[in-house]
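Structure first, commentary second.
Since we're looking at a predicted model, the values are computed, not measured.
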Amino acid sequence: LDFYVANPLLEVSKNWTAIAESNGTKVKVFNLKNEIYNLELEGAIQKIALNEKGYLGIIYNKVGYKNAFAFVSPEGQILYTKYFANTTLIDISINKEKIQDKP
């Protein structure tokens, strides 16, 4: 698959791949060769983390805050968002054991 990304942030875990542009607003997520979703955030992406089940964590800039965090499902649905006024996030990790599979 061909597409242009300047200053890429790349995360790979098992069959999952997430690609975002550092300080850009878009992220694309693939499972094997299939694009599952693309997402556009309200601020510049600083860091991404992906686990082997396809869950994605994103640290991004949010106007009026030091930064923000979004947690995204393997289907591309934002499950959780938090804005940080007094804390600066610098790193993220997603533990696969803490995420329950859907019944």
[atom1]/[X] to [atom2]/[Y] distance, rounded to the nearest 0.5 angstrom?
{"X": "Leu10", "Y": "Ser22", "atom1": "CG", "atom2": "OG", "answer": "12.5 Å"}
{"X": "Lys82", "Y": "Phe71", "atom1": "NZ", "atom2": "CZ", "answer": "15.5 Å"}
{"X": "Ile58", "Y": "Ile45", "atom1": "CD1", "atom2": "CD1", "answer": "5.5 Å"}
{"X": "Lys66", "Y": "Ile59", "atom1": "NZ", "atom2": "CD1", "answer": "14.0 Å"}
{"X": "Ser13", "Y": "Leu56", "atom1": "OG", "atom2": "CG", "answer": "11.0 Å"}
{"X": "Thr25", "Y": "Asn23", "atom1": "OG1", "atom2": "CG", "answer": "10.5 Å"}

Answer yes when Glu35 and Lys28 have at least one side-chain N-carboxylate O distance shorter than 4.0 Å, and no when they do not.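 Salt bridge present between Glu35 and Lys28.
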
Is the shortest heavy-atom distance from the side chain of [X] to the side chain of [Y] under 4.5 Å?
{"X": "Trp16", "Y": "Phe30", "result": "no"}
{"X": "Ile78", "Y": "Leu39", "result": "yes"}
{"X": "Thr81", "Y": "Tyr60", "result": "yes"}
{"X": "Val12", "Y": "Leu50", "result": "no"}
{"X": "Ile19", "Y": "Thr17", "result": "yes"}
{"X": "Phe69", "Y": "Tyr80", "result": "yes"}
{"X": "Val72", "Y": "Leu79", "result": "no"}

Determine the minimum heavy-atom distance between [X] and [Y], stating which atoms define it.
{"X": "Ala18", "Y": "Ile48", "result": "O-CD1, 3.8 Å"}
{"X": "Tyr83", "Y": "Ala68", "result": "CD2-CB, 3.4 Å"}
{"X": "Gln46", "Y": "Asn61", "result": "NE2-ND2, 3.2 Å"}

Salt bridge (Lys or Arg N to Asp or Glu O under 4.0 Å) contacts in which one or both residues fall within residues 37-50, not counting sequence neighbours: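 Residue pairs passing salt bridge (Lys or Arg N to Asp or Glu O under 4.0 Å), neighbours aside: Glu42-Lys62, Lys47-Asp91.
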
Short side-chain to backbone donor-acceptor contact, [X] and [Y], under 3.5 Å:
{"X": "Asn67", "Y": "Leu89", "result": "yes"}
{"X": "Glu21", "Y": "Asn7", "result": "no"}
{"X": "Asn51", "Y": "Lys53", "result": "yes"}

Assigning hydrophobic clusters by single linkage (Ile, Leu, Val, Met, Phe, Trp, Tyr; side-chain heavy-atom cutoff under 4.5 Å), is Phe84 placed with Ile92?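 Result: yes, single cluster for both.
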
When you group the ILVMFWY residues by side-chain heavy-atom contacts below 4.5 Å and let the links chain together, are Leu9 and Tyr37 in the same group? yes

Would you say OH of Tyr65 has more than 12 non-hydrogen atoms from neighbouring residues, nucleotides or ligands within 6.0 angstrom?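 Incorrect, the count does not exceed 12.
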
Heavy-atom neighbours of Leu32 CG exceed 12 at 6.0 Å: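 Check passes, neighbour count above 12.
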
